[in-house]
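Below: one structure, written as structure tokens.
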Number of protein chains: 2
Amino acid sequence: MNKKITLKELAVISNFSVSTISKALSGNREISEETRKKIIAIAKLYNYRPNAAARSLKSQKTKTIGVIIPNILTHYFAKVLVGIEHEASKKGYNIITCISDESYKKEVKSMEMLASGSVDGFLISLSKETQTKGNYDHITSVINNGLPVLMFDRTSNKIHCDKVIINDFDAAYNATKVLLHSSCRIVIFISPISDTNVGLERANGYTQAITDFFNGTVAPLIYNFTDYSQAREDIENILSKKKVDGIITSDELSAIFSMNIAISKGFKIPGDISIIGFTDGILSRNSNPPLTIVNQNETELGKISAANLIKRIENNSKESYTTQIIETNIIYRKSINATIEI
Amino acid sequence: MNKKITLKELAVISNFSVSTISKALSGNREISEETRKKIIAIAKLYNYRPNAAARSLKSQKTKTIGVIIPNILTHYFAKVLVGIEHEASKKGYNIITCISDESYKKEVKSMEMLASGSVDGFLISLSKETQTKGNYDHITSVINNGLPVLMFDRTSNKIHCDKVIINDFDAAYNATKVLLHSSCRIVIFISPISDTNVGLERANGYTQAITDFFNGTVAPLIYNFTDYSQAREDIENILSKKKVDGIITSDELSAIFSMNIAISKGFKIPGDISIIGFTDGILSRNSNPPLTIVNQNETELGKISAANLIKRIENNSKESYTTQIIETNIIYRKSINATIEI
DNA sequence: CTGAAAGCGCTAACAA
DNA sequence: TTGTTAGCGCTTTCAG
């Protein structure tokens with residue numbers, strides 16, 4: 001039961017003063033080589049580790065960052081989180097993860113809880129409810145308190161801070177074009193995230209692609225949903241009534257979901273219907289057929305988000321905020337007919 | 001730029017002393033109702049929040065727990081993490097998540113980093129490398145320092161602490177029986193986690209079931225792997241050479257993976273081959289056909305783990321350690337022939 | 001009922 | 001080169 005040892009105790013043991021030990025351990029050159037070595041030896045012997053709370057209190061730095069994400073079961077966020085964790089850990093930071101569960105209230109509560117000295121900054125992707133409400137006071141208030149915030153993926157231009165995103169409009173535009181160029185003529189856009197800026201932008205990109213391709217003679221076809229069992233019915237209906245031959249979804253799961261419905265209705269993929277989704281996750285790689293998707297470089301996005309936030313924390317710079325766009329690309333698998341570069 | 005306000009500043013503003021304010025805010029009955037109300041009003045006005053670091057330093061409690069998990073992309077761990085986060089958050093705790101990436105070194109580093117005053121306790125599932133090495137000094141050392149540790153899923157009986165697990169042997173035994181009773185005769189066990197206690201126990205359960213069922217006349221058939229591209233080759237070979245008609249895997253992904261290989265080789269699922277896996281994840285629910293699996297009640301397991309750890313933290317009890325077994329059950333879907341209760 | 005003061009463990013300015 | 005001391009923001013004993 002070798003309880004935590006403190007500097008003071010070490011001082012008694014070693015016959016040096018507390019400050020000498022502190023300096024020696026932090027590599028301060030004021031201390032002679034000789035005593036430094038002695039002190040380090042003793043510290044190691046007693047397995048001394050400076051107390052994090054005391055250090056935070058003194059330095060006003062916690063070396064931890066708060067991560068607020070809507071959920072963690074969606075592969076997209078899980079991959080982003082991996083990127084964040086790796087980068088943070090590499091830079092000596094810990095991450096406190098809060099899952100908002102798409103709830104405004106929980107998001108606010110988490111931020112307030114962490115804003116009082118638990119973290120040096122925030123990485124956040126807004127919950128659906130927050131985006132619907134449009135109330136961002138909890139975030140601006142944190143920023144005004146001097147805590148850096150970086151938003152990724154689900155952002156808002158009502159908030160001035162660093163951001164890391166992809167170009168959702170272009171990505172959806174290009175993905176839709178891929179379907180059209182592989183000779184799909186009735187392409188539907190399916191989305192479970194229509195209440196996020198990300199979902200909206202993707203819908204817009206899709207719409208624009210349809211408009212451009214058909215010179216405005218064909219109306220876009222968009223199906224938004226929130227409830228999966230309702231969606232099953234609806235999508236079955238849509239597939240049997242409209243002669244859909246192309247599906248683009250704003251995420252990964254609903255693409256797989258739609259594909260399974262299509263298959264169960266007897267459609268061949270990609271013979272009868274081509275499908276393309278978002279996020280290079282475990283689902284799309286392991287579906288049958290494997291899903292063609294828009295790769296958002298999720299892990300990379302997480303890494304860059306963490307790196308940028310840490311940069312801001314450590315430089316405490318008044319440099320103007322940046323919005324970094326992560327490149328996307330389409331990974332061609334078997335759920336569409338051909339591999340066409342557009 | 002309304003910077004964080006401190007107790008001291010509040011004292012100046014309100015003309016009360018620091019200690020009076022502290023007491024009033026903490027609901028201490030020493031303070032008169034009247035001044036308490038005044039103080040609370042002012043505190044709210046200035047949006048006062050006690051500094052977490054200072055509080056931790058004073059109380060020696062951080063109200064956060066460290067979670068060390070091997071990875072986060074496997075649905076099993078993601079679901080456990082959700083359970084942990086929910087329970088912790090409900091009880092007013094934050095979680096610091098470290099991903100060991102199956103690496104001993106990172107696991108050790110993370111624990112050491114957090115053990116010095118950052119957390120009140122640990123929730124940990126061992127990395128593969130740690131289990132292979134069999135070196136648990138980093139864990140016992142933390143326990144000896146007086147920090148509670150609770151292990152879940154991947155545990156070791158070399159370590160004395162609270163645990164939350166499932167009965168891996170029984171679960172695999174029963175799952176194998178299900179295949180045998182649905183008339184499979186050549187059942188293979190496929191595992192990417194043979195280097196964990198969990199994987200071993202499941203293999204043992206499978207072996208016992210085979211032995212029991214065939215009275216020892218049939219040898220168990222086990223395929224362990226770590227590399228998926230190698231596994232693809234091997235499994236293709238196995239399927240074409242042996243007349244396998246049943247597959248049980250120790251996880252979710254390799255079940256889906258095997259199923260896809262089987263399908264691509266022209267086998268019908270479940271007509272020719274029945275498959276059963278572990279973990280009720282997003283993959284198994286959305287595969288085609290949907291996968292029959294052993295439901296480990298992952299989220300529940302996470303909740304109970306967190307709850308038990310917090311109980312230990314707060315009671316600082318010397319009660320003897322407990323090992324709690326989470327119930328499992330089989331969720332029947334379309335990847336096996338029949339629904340047989342055994 | 002309210003306030004003064006000590007002290008949690010550490011860092012760093014200042015003294016010696 | 002080493003030591004003394006103040007103080008980070010809070011809680012809590014003890015005095016008033």
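Residue numbers start from 1 in every chain, and the chains themselves are labelled A, B, ... in the order their sequence lines are given, proteins ahead of strands.
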List every contact pair, protein side and nucleotides 5-7 of chain C side both N or O, where the distance is under 3.5 Å.
residue	atom	partner	partner atom	Å
C/dG7	N2	B/Lys58	NZ	2.9
C/dG7	N3	B/Lys58	NZ	3.4

Residues pairing under ring-ring contact (aromatic ring centres under 6.0 Å, His included) where one sits in residues 11-63 of chain A, two or more places apart or in two chains, turn out to be none

Check your understanding: Are A/Arg55 and C/dG9 close enough that a side-chain N or O sits under 4.0 Å from OP1 or OP2?
Key -> no

message = When you measure from the side chain of A/Thr74 to the backbone of A/Phe77, do you find a donor-acceptor pair of N or O atoms at a distance under 3.5 Å?
response = no

note: B/Lys63, atom NZ; D/dC10, atom P; distance rounded to Å ~ 17 Å

Side-chain atoms of B/Ser17 come closest, of C/dA4, D/dT11, C/dG9, to C/dA4

In whole angstroms, the gap separating P of C/dG3 from CG of B/Asn15 amounts to 9 Å

**OP:** Report the C-alpha separation of B/Tyr76 and B/Asp153 in whole Å, then their side-chain angles, then the decisive distance to 0.1 Å, and conclude whether the side chain to side chain donor-acceptor pair (under 3.5 Å) test is met.
**Re:** CA-CA 10 Å; B/Tyr76 173 80; B/Asp153 188 54; 3.2 Å; yes

Here the distance between atom P of C/dT11 and atom NZ of A/Lys61, to the nearest Å, is 16 Å

### Message
Between B/Asp101 and B/Ser103 (side chain of the first, backbone of the second, donor and acceptor by atom type, cut-off under 3.5 Å), is there such a pair?
### Response
no

Separation of C/dA4 atom C1' from B/Leu7 atom CG, nearest Å, is 15 Å

(message) Does the Lys NZ or Arg CZ of B/Lys133 fall within the cation-pi geometry relative to B/Tyr104 - under 6.0 Å from the ring centre and within 45° of the axis?
(response) yes

A/Ile21 CD1 to C/dC10 P, in whole Å, measures 10 Å

Q) Has the side chain of A/Thr140 got a donor or acceptor atom that lies under 3.5 Å from a matching backbone atom of A/Ile159? A) no

From the list B/His138, B/Glu102, B/Arg154, B/Glu107, side chain to side chain donor-acceptor pair (under 3.5 Å) with B/Thr130 holds only for B/Glu107

When you measure from the side chain of B/Glu85 to the backbone of A/Ile99, do you find a donor-acceptor pair of N or O atoms at a distance under 3.5 Å? yes

C/dG9 OP1/OP2 closer than 4.0 Å to side-chain N/O of B/Gln60:
yes

Rounded to whole Å, CG of A/Leu57 lies from C1' of C/dG9 at a distance of 9 Å

Strictly below 4.0 Å: does A/Thr20 bring a side-chain N or O up to OP1 or OP2 of D/dT2? no

Within residues 22-40 of chain A, the residues having a heavy atom closer than 4.0 Å to DNA chain C are A/Ser22, A/Lys23

Check your understanding: Is A/Ser56 reaching over with its side chain to a backbone N or O of A/Ala52, donor-acceptor style, under 3.5 angstrom?
Key -> yes

